[in-house]
There are 2 protein chains.
Amino acid sequence: MTGSPHVRRPATLASLAAELGVSRTTVSNAYNRPDQLSAPLRERVLEAARRLGYPGPDPVARSLRTRRAGAVGLLLTEALSYAFRDPGATGFLEGLALACEKAGTGLLLVPVSPEHSEVDAVYQAGVDGFVVYSVSEDDPHFQAVLQRPLPTVVCDQPTGIAGVDRVGVDDRAGMQTLGRHLVELGHRRVGVLCMRLGGQRHDGPADELRQKNSSYSVQRERLAGLRDAFAEAGVAWSDIPVFERFEHTTDAGAAGTAQMLEAHPDITALVCTSDILAVGALGEARERGIRVPEDLSVAGFDGIPEADRLGLTTVRQPFREKGREAGRLLLERGDRNTPEHLTLPTELVPGTTCRELRQSGEFFSGW
Amino acid sequence: MTGSPHVRRPATLASLAAELGVSRTTVSNAYNRPDQLSAPLRERVLEAARRLGYPGPDPVARSLRTRRAGAVGLLLTEALSYAFRDPGATGFLEGLALACEKAGTGLLLVPVSPEHSEVDAVYQAGVDGFVVYSVSEDDPHFQAVLQRPLPTVVCDQPTGIAGVDRVGVDDRAGMQTLGRHLVELGHRRVGVLCMRLGGQRHDGPADELRQKNSSYSVQRERLAGLRDAFAEAGVAWSDIPVFERFEHTTDAGAAGTAQMLEAHPDITALVCTSDILAVGALGEARERGIRVPEDLSVAGFDGIPEADRLGLTTVRQPFREKGREAGRLLLERGDRNTPEHLTLPTELVPGTTCRELRQSGEFFSGW
DNA sequence: ATGAAAGCGCTAACAT
DNA sequence: ATGTTAGCGCTTTCAT
């Protein structure tokens, strides 16, 4: 193997040209336009480069000149490292990476730590465009992205940003379908456990005002879909307790479930607005000796692999495709000016965690 | 929200300076050294910037000037997108991302698709250093990384590259511990299922020559550790069948297991050099009505979360810490010239998939 | 087929 | 506290 100490750039295109007694153009052409010079001359250049340890044109200088960075930036919610623990984000990343590979484009993960609230990193990113994955409407990093004169595509949220492409799913319709499913099974007294609705930490009941004012449209929409479904069955939304959790982890799901069950022990079903939370709910139920689905039905949203393994009733959404489409939208945009909006399909996945209410005629009135 | 059509850079530092009738330095200082100019002047500059839609200094131009890209490049085996499906790689990424966040550095995923074998992407990457995750010794992309005059840290493999930092685990010792564990349980007739040993697709038996010539030191070392352990028990390595799989998936693990069991139905234990393969082995065993561990013991290596859930006997290695350390090595290197080599600890995790051989005195001789 | 000239947009000495 | 001067390393017309 090779093995230089990797110090400082030992040669430049200019020094190489000088050494060889040719012009910079010629050296540049040797790398970028092999057809613009004779084969022997090109070989001479490349040989000299090898000898002098010239690693080829400096990418930054080239980018400045060509106005192409050859990379797209990715802005994620939360800390960057969180993305690798969230199955949804991971799936999205996989799809996006696929698109980047195909285009030979780099993928720059913009460092967003909770501590540093500076948006500096966004302004520092040498990229040709941005993909934004599911951030709050008022996320300062996102606002910084909008300042940069670069094409941008948003996945999921925020929605309705002028001049910006978006790919997502119909969260409201998806959740409505799930809600109807529960209604059909006879459930009328349900609880809802949702993800964070605001930037400030809040764990506990979320009233309707809070729901409505949420800066996360995905959560707003999912709640609205559920409301729609139960309204159809004559159940007022104000009668359905909604609990919120700031963290998106199974632990948070468990804690939220505990809180819900203590406050509302009479619910027959617990709907979680994400599978992660639902997985936590299943754990908490087991912990408490509550049988699912005999004593309590549990449903999620997302369709992550673990949901599948556990037989969780959920709504599946195509994470990988969202990533692929986001990449495609960014990388294959011609000189389109009009923003595109892509809505991918979701699918109700009935599992084994929701049961039909038969005996307890109390809440069942279908006969 | 904002919402400009995001076209071309509308203004530059120079045009802003001209507009304001100040020097470029002053504008530059307004962004980079607020203490170098009066507050009112700075505000005037920033206000004009807002008015003209100047998004702040161009990151590429700044990088060229400062010789800092503010990002580290990451080179992964396989396709970039594969990394997001491999739990080990994901854990590593999480740790690395953590380190990057902390340093406010971007993380550029270098696009490496199987199709494009061009190493172009490596030369195009505007980064301050590279992290290389577990690639083959003769990987052309890796060779390209070595050409770039940048600090580089390798995780796992290849080993022994001059002038390059490395972080990894003692794969040989880890596997030796696992081997001894199996020996103590009485296993003498074992089969081994390992990951790819070369760049060419090969699925099936791997003879000793092939093992020895493998361009993947991690696999070489793990096999050697197993050999050591069984040699201590008087079992010749040549008596232990080693099967190789090119793909690293549970399906490949299942297929390899099938092949192994057909060729060597008499083994009492199957050692896989990765948990992914072992998970596949468990599936295949179930498929065939072979009880684990009653009829067959199965062991893995890595300690991925799923192994934990399944109670797989394995050797756990600290993926996240490897990522963190790799980042630290790259980002916090002073002006050190001597390469550092970090070896993190592994831990034997006895699960429920390996049993002690009692009855079948045939292979047991401990009393 | 090769070269000369003109920047890409910015920062960092070094003045003043 | 602000301005002047020199590039960072490269690509790209446009000549020859």
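For the numbers below, each heavy atom of this structure counts, side chains included, while hydrogens, waters and symmetry mates do not. We name chains A, B, ... by the order of the sequence lines, and we start the count at 1 in each one.
Contact check, A:Y54 against D:dC10: a side-chain N or O comes under 4.0 Å of OP1 or OP2. Residue A:S23 places at least one side-chain N or O closer than 4.0 Å to OP1 or OP2 of C:dG3. Under 4.0 angstrom from either OP1 or OP2 of C:dT11 there lies no side-chain N or O belonging to B:R33. Proximity of A:N29 to the phosphate of C:dA1: no side-chain N or O atom is located under 4.0 Å from OP1 or OP2. Between B:R67 and D:dC8 there is no side-chain N or O to OP1 or OP2 distance below 4.0 Å.
Comparing C:dT11, D:dT11, D:dT2 by their nearest atom to the side chain of B:Q36 picks out D:dT2. Checked against D:dC10, D:dT2, C:dC10, the side chain of B:L37 finds its nearest nucleotide in D:dT2. Closest approach to the B:R24 side chain among D:dG9, D:dT12, C:dT11 is made by C:dT11 (side chain taken as heavy atoms from C-beta onward). With C:dG9, D:dC10, C:dT2 as the choices, the nucleotide that has an atom nearest any side-chain atom of B:D58 turns out to be C:dG9. For B:S38, whose side chain is taken as the heavy atoms from C-beta onward, the closest listed nucleotide among C:dA12, D:dT11, D:dT2 is D:dT2. Nearest nucleotide to the side chain of A:T25, out of C:dT11, C:dA5, D:dT2: C:dA5.
Of the two residues near DNA chain D, B:L64 and B:L41, the one whose nearest nucleotide lies more 5' is B:L41. If B:G21 and B:T66 are placed on DNA chain D by their nearest nucleotide, the residue sitting closer to the 5' end is B:G21.
Nucleic acid contact class of B:V60 (heavy atoms, under 4.0 Å, all strands): none.
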Pair B:E47-B:R44, salt bridge (charged side-chain N to carboxylate O under 4.0 Å, His left out): steps then yes or no: CA-CA 5 Å; B:E47 192 281 319; B:R44 247 184 74 215; over 6 Å; no
Salt bridge (charged side-chain N to carboxylate O under 4.0 Å, His left out) between A:D165 and A:R328, worked out: CA-CA 11 Å; A:D165 294 340; A:R328 198 182 55 74; over 6 Å; no
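When every heavy atom of B:R42 is checked against every heavy atom of B:A30, the shortest pair comes out as NE-O, 2.6 Å. In terms of heavy atoms, A:D128 sits closest to A:G70 at OD2-N, 2.7 Å.
Atom C1' of nucleotide C:dT11 and atom CD of A:Q124 are separated by 13 Å, given to the nearest angstrom. Put simply, CZ on A:R148 is 13 Å from P on C:dG9, counting in whole angstrom units. Distance CG (B:L20) to P (D:dG3): 10 Å, rounded to an integer number of Å. Here D:dC8 presents its C1' atom at 14 Å from CZ of B:R62, a figure rounded to the nearest Å. Following rounding to the nearest Å, B:R68 (CZ) and C:dA12 (C1') show an atom-to-atom distance of 16 Å. Straight-line distance from the CZ atom of B:R65 to the P atom of D:dC10: 15 Å, rounded to whole Å. Atom P of nucleotide D:dG9 and atom CG of A:L16 are separated by 13 Å, given to the nearest angstrom.
A donor-acceptor pair is defined here as one N or O able to donate and one able to accept, closer than 3.5 Å; such a pair exists between the side chain of B:T152 and the backbone of B:L150.
Contact annotation: side chain of A:T26 to base of C:dA1, donor-acceptor pair absent below 3.5 Å.
Atom CZ of A:R68 is surrounded by 12 or fewer heavy atoms from other residues, nucleotides or ligands within 6.0 Å.
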